[in-house]
Amino acid sequence: MFKITLSPAERSYLHESLSCLSPIRPDARLNKQFRPLEATCSFLPGSNGSARIRMADGAECLASVKAKVVSLQLNNANSAQHLKNLIEVDLDINGIRDDSNLSSTIASSLKGSLVKHIPLEKLRLTHRYAFKLFIDIVVLSHSSVYPLTLLSLATYMALKSTKLPLLTSTVNDRDIEEQPMFSDDWESSLALFGDSSLSPPLLFVVAVVKDNIFIDPSPEEESVSENGICLTYANGKIISPLQTISLSPKDNTGINSAQILKAHALVKEIGPLVVKSLDEIVSDDSIKTIF
Amino acid sequence: MTEIISIRKPLNPNADSDVESSDEEMLEASLAPKNNNQSIVTPGELITEDPIWMRGHGTYYLNEKTYSSVAGTISKVNKLLSVVPLRGRYQPETGDHVVGRITEVGPKRWKVDIGARQDAALMLGSVNLPGGVLRRKSESDELQMRNFLKEGDLLNAEVQSIFQDGSASLHTRSLKYGKLRNGYFVKVPSSLIIRQKNHLHELPGSITIIIGVNGYIWISKTLYQHQKSLPSTTGNNALDSTVSSAAAKSNSYTPGQGSVSITRLEEESSWEIYSDKNEPISVATKDTIARYANCVKALAKCDIGITETRIIAAYEASMVYENAGLLLDEETMKSIGEDVLNRERMRG
């Protein structure tokens, strides 16, 4: 994993400039400004939705959504439980073991928030069959300790660009078992989030230095930060999970409610703008034909 | 909205490269016969079949033919044929002013990362002792090496010599070298730095910049304590004497004043030269440092060689943008780069 070493003088310079009343980030960004990103989606042939997002410093993340028809076990008591199993998240972060603490924590918190915000009823095809979504995320390279922001932006775009083929066979197979049939025409496919009021959640990591909150912290900023907060944003609201994370090995002090409220307000402010610019890319790229 | 997040679509590599490569091929074909000695070669490309050439760096010899082992330009000096790589790690040369970071404290030496193939060595004997005492370094000095420089510390130094294996030996035996404080560190490819007489410059906005030949750049606040003692000994003496004759008279001239010489070593180099504490730096200065850092990054992005005048030109061009954070945008970086080049063309 990428490790940054700073001299004590650099460290105190950075900490001082980030903690003063009108903070100055080392690259002169505003505290709510992201580093420039490069993104594209719907480019992987053979997957229902895909996205690739890149930062100027070379950090890169790929996400792909693949749908597969599975037969539901007919057990009415647990049908809600079964629907939850229709989403599978697989995460691979370069340089971190798959079974490591960080990797599994990110994967589980991502899955937890996705289950709540994916229209599961849309995945249901018939009484016996449903789509199962396999969400594969690969972080090819990253400079951050906690590459969650990048990862969630990619996942958001991949899910937003996901299209499912149109079912042509009968919906009711309660009595007679029938294999589901789909339309050959990709033009008539349905977008997973097409007319839904739900939208995939976005996870943001912010760095906390004294009373200041910084979105999209650079590795240097992370290493002098006192704390990190991970916030989830969906449909104009901040939702759970909201958790504190440690971005730097030392200098961890407690967190106070004012900092959490500030972070809350910051993410609430930038959330709609991020969603808007991501959606623009998705709608631009959705015209491209795949398959 | 662009103030918060800017996402752009990547250039389509497939569509573009087709056109470009065919264009390039045509260009190359038309240029090739004219200037053969200025051409760019790729690894494995045949340079010459003539055996009279001596083979220098970046070449290899197979079946009496000379091939290039790197991508770069051919350079011919008398009968020596070598290929200068376009990119690659920094190759230290004696006399280079470099910026480095301590990676390891070893027996009687520090290992310094200077962006070269191997870490450079800074011997205990090649640094100034606090207090400027001139003596052999003893065992007790060896024990307190971490009090001078420790892992992670940034310093600027000069390449004293090159070892047999190509790694560098550094020294900081001058008051202009030593530990770095009061600023911010930026890294650019070393191929963009042009070797010059002086690598320490003062920029408008009371900023000092050290452009290490290895592509490590240190941007810091200018400290005025040295300037105060600088007398106006040469040049505009006549003008000065009329304006501030009283002040000039009170400061009588002493030989050696104003130049950083070994004679001031004792007064200047107390323990302070190894201090980790920054001076108080104003918000405006920090803002200027951040802007200069972004200007340097913009020049690097545009593959423009980095010099003092270009940094100043980029800084002036960047003043159009009130929020220096906007300089991170690729389009903005390109327009700054074009601006700098246009200015140079205007001057001739």
Side-chain angles (χ1 to χ4, degrees), chain A residues 4-18 20-41 43 52-57 60 153 157 215-216 218 220 223 266 269-282 284-285 288, chain B residues 1-12 101-103 113 149-155 179-186 218 220-221 275-295 297 301 318 321 323-333:
Chain A
I4 189 157
T5 45
L6 293 173
S7 74
E10 274 180 296
R11 182 174 280 279
S12 81
Y13 175 84
L14 287 172
H15 188 265
E16 211 175 280
S17 28
L18 290 176
C20 65
L21 205 60
S22 51
I24 295 161
R25 302 179 78 164
D27 48 7
R29 276 184 291 159
L30 302 172
N31 70 329
K32 54 187 175 183
Q33 190 183 348
F34 279 81
R35 283 172 285 177
L37 294 166
E38 205 180 84
T40 181
C41 59
F43 66 95
R52 167 177 170 266
I53 195 151
R54 246 188 92 232
M55 267 180 186
D57 67 351
E60 185 165 357
L153 291 177
M157 287 178 64
I215 195 86
D216 187 25
S218 68
E220 288 162 336
S223 71
L266 178 77
E269 183 193 340
I270 57 148
L273 298 171
V274 175
V275 166
K276 195 179 159 210
S277 41
L278 287 173
D279 285 349
E280 268 171 24
I281 298 275
V282 171
D284 263 21
D285 280 351
K288 281 195 297 195
Chain B
M1 201 186 102
T2 45
E3 295 251 316
I4 305 300
I5 186 165
S6 80
I7 308 177
R8 48 184 213 93
K9 291 211 276 178
L11 300 167
N12 192 342
R101 195 187 289 278
I102 307 282
T103 56
D113 163 37
L149 294 163
K150 57 194 163 304
E151 290 89 347
D153 280 358
L154 276 172
L155 72 152
K179 200 179 241 184
L180 295 170
R181 295 188 295 144
N182 305 323
Y184 181 62
F185 173 74
V186 191
W218 181 251
S220 63
K221 176 193 166 187
S275 164
D276 282 331
K277 281 235 164 63
N278 287 329
E279 316 270 316
I281 304 170
S282 69
V283 175
T285 310
K286 283 177 179 163
D287 206 33
T288 318
I289 290 178
R291 187 178 283 268
Y292 271 117
N294 282 356
C295 289
K297 283 180 206 158
K301 181 86 194 170
S318 82
Y321 306 94
N323 169 11
L326 289 177
L327 295 178
L328 295 173
D329 200 56
E330 202 160 312
E331 301 279 305
T332 321
M333 283 185 170

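Only heavy atoms go into these numbers, but all of them, side chains included; no hydrogens, no water, no symmetry mates. Predicted model, so just to flag it, every value in this text is computed and none were measured. Just so we're on the same page: letters track the sequence lines, and every chain starts at 1.
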message: Using heavy-atom distances under 4.5 Å, tell me whether A:E220 contacts chain B through its side chain, its backbone, both, or neither.
response: side chain

field: N/O donor-acceptor pair under 3.5 Å between B:D153 side chain and A:S7 backbone
entry: no

task: Considering non-hydrogen atoms only, spot the tightest contact between A:E10 and B:F185 and give its length.
output: OE2-CB, 3.3 Å

- request: Check for a donor-acceptor pair, side chain of B:R101 on one end and backbone N or O of A:T5 on the other, with a separation under 3.5 Å.
  value: yes

message: Tell me if the CD atom of B:E331 is crowded by more than 12 foreign heavy atoms within 6.0 Å.
response: no

- prompt: Does any heavy atom of chain A fall under 4.5 Å from the side chain of B:K179, the backbone, both, or neither of them?
  reply: neither

- prompt: Just how far is it from atom CD1 of B:I281 to atom OG of A:S12, taken to the nearest 0.5 Å?
  reply: 7.5 Å

query: Most heavy-atom pairs under 4.5 angstrom with chain A, which of B:L180, B:I102, B:I289, B:N182?
result: B:I289

statement: Most contact-rich option vs chain B, by heavy-atom pairs under 4.5 angstrom, among A:R29, A:K32, A:R35, A:R54, is A:K32

query: If you round to the nearest 0.5 Å, how far is CE of A:M55 from CG of B:L328?
result: 11.5 Å

message: Which atoms of A:A56 are under 4.5 Å from chain B, going by heavy atoms: the side chain, the backbone, both sets, or neither?
response: neither

field: Results of ring pair (Phe, Tyr, Trp, His ring centres under 6.0 Å) for A:Y13 - residues two or more places apart only
entry: none

task: Using non-hydrogen atoms and a 4.5 Å limit, figure out which bit of A:R25 sits close to chain B: side chain, backbone, both or neither.
output: backbone

field: Side chain / backbone / both / neither for B:K301 at chain A, heavy atoms under 4.5 Å
entry: neither

message: Let me confirm one number: the CD1-CG distance from B:I7 to A:L37, rounded to the nearest 0.5 Å.
response: 5.5 Å

query: Between A:L14 and chain B, which part of the residue has a heavy atom less than 4.5 Å away: side chain, backbone, both or neither?
result: side chain

query: Residues two or more places apart in sequence or in another chain: which of them pass side chain to side chain contact (heavy atoms under 4.5 Å, CB included) with B:D113?
result: B:T103, B:D119, B:Y216

- line: Correct closest heavy-atom pair for B:K286 and A:S17 would be CD-CB, 3.5 Å

message: Tell me which of these, A:D216, A:I53, A:L30, A:I270, has more heavy-atom pairs under 4.5 Å with chain B than the rest.
response: A:L30

field: Separation of A:E38 CD from B:E330 CD (nearest 0.5 Å)
entry: 6.5 Å

